Amino acid sequence: MKLKTVLAMLFAALVTAGSVSAKSLVVYFSHTGENYAVGNITEGNTAIVAKMIAAKTGSDTFEIIPEKDYPASYKACTDVAKAEQKQNARPAYKGDADTSGYDTIYIGYPIWWGDMPMVVYTFLEKHDLGGKTILPFCTHEGSGVSGTDGKIKRLCKNASVKSALAVRGGTAQNERTKAEKAVDDWLKKSGK
């Protein structure tokens, strides 16, 4: 048996026995610049929610940063997002996160054209998240989760995918107390 496998089994046994606390990671993609309903922003809607979750859970974070930036203007960005969906593209991103040492993965993204940005698919398809608990969260301006939690379930077949959190971008930007309450309620409901 490989040392890595033995260590993973030992870690899992220690977590189960309560000797080691489970580790969690917040992975997110967020967009700055001109956003629908909130104007020009310097911190993305999803980034705001991701940081709330990380602070409340003591999670590590990894931001998915595309190798090629999305345009700052709203129309140009949505045109690129729509074209990527049509092509079923898998844009590359900078750096990576080693997910092997985490039990729980929070995965966050904005809803673009009724779906996750394609760069989020790149991350999910690159990592084996089997055996992990996945808690999706998104920001939107009216479309809610748009069935993306089901898409994550299909991609991560051997993971336990929990109910998703959907927060309006305008709420994340302008009503932080309301956004925090939504995060708190979701975490409590999820048992986190």
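Everything numeric in this text was worked out from a predicted model, so none of it was measured. Position 1 is the first residue of the sequence, and the numbers go up from there.
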Can you get from [X] to [Y] by hopping between Ile, Leu, Val, Met, Phe, Trp and Tyr side chains that sit under 4.5 Å apart?
X	Y	value
Tyr28	Tyr70	no
Leu165	Phe29	no
Val161	Val49	no
Val26	Ile105	no
Met118	Ile152	yes

Please check if the number of heavy atoms outside Lys56 that lie under 6.0 Å from its NZ is greater than 12. yes
Kindly check if the number of other-residue, nucleotide or ligand heavy atoms within 6.0 Å of NZ (Lys126) is above 12? yes
As a quick check of understanding, evaluate salt bridge (Lys or Arg N to Asp or Glu O under 4.0 Å) for Lys188 and Asp184, giving each step before the final call. CA-CA 6 Å; Lys188 185 176 180 182; Asp184 288 340; over 6 Å; no
Rounded to the nearest 0.5 Å, how far does [atom2] of [Y] lie from [atom1] of [X]?
X	Y	atom1	atom2	result
Leu129	Leu155	CG	CG	9.5 Å
Thr133	Lys162	OG1	NZ	5.5 Å
Ile111	Ser143	CD1	OG	5.5 Å
Met52	Tyr106	CE	OH	15.0 Å
Glu43	Thr32	CD	OG1	10.0 Å
Phe62	Ile107	CZ	CD1	9.5 Å

Asp149/Lys153 ion pair, N-O < 4.0 Å: no
What I want to check is whether the side chains of [X] and [Y] have a donor and an acceptor closer together than 3.5 Å.
X	Y	answer
Thr139	Thr46	yes
Asn88	Arg90	yes
Thr104	Lys192	yes
Asp115	Tyr121	yes

Which heavy atom of [X] sits nearest to which heavy atom of [Y], and what is that distance?
X	Y	value
Val120	Met116	CG1-SD, 3.8 Å
Ile134	Ala159	CD1-CB, 3.6 Å
Pro66	Lys94	O-CE, 3.6 Å
Ala172	Ala179	CA-CB, 4.2 Å

Hey, is the main chain of [Y] close enough, under 3.5 Å, to the side chain of [X] for a donor-acceptor pair?
X	Y	value
Ser73	Ala76	yes
Lys157	Arg154	yes
Thr122	Ala92	no
Glu141	Gly169	yes
Arg168	His140	no
Gln85	Gly114	no
His127	Ser100	no
Lys178	Thr171	no
Trp186	Ala166	no

Can you find a heavy atom in the side chain of [X] that is under 4.5 Å from one in the side chain of [Y]?
X	Y	answer
Ser163	Lys189	no
Pro110	Pro117	yes
Pro136	Val145	no

After noting the C-alpha distance and the side-chain angles of Ser59 and Tyr102, does the key distance pass the side-chain contact (heavy atoms from CB on, under 4.5 Å) rule? CA-CA 10 Å; Ser59 299; Tyr102 296 98; over 6 Å; no
Test question: given the 4.5 Å side-chain rule for I, L, V, M, F, W and Y, name all other residues clustered with Tyr36, or answer none. Tyr74
In terms of relative ring orientation, are Phe123 and Tyr93 parallel, tilted or perpendicular, with 30° and 60° separating the classes? tilted
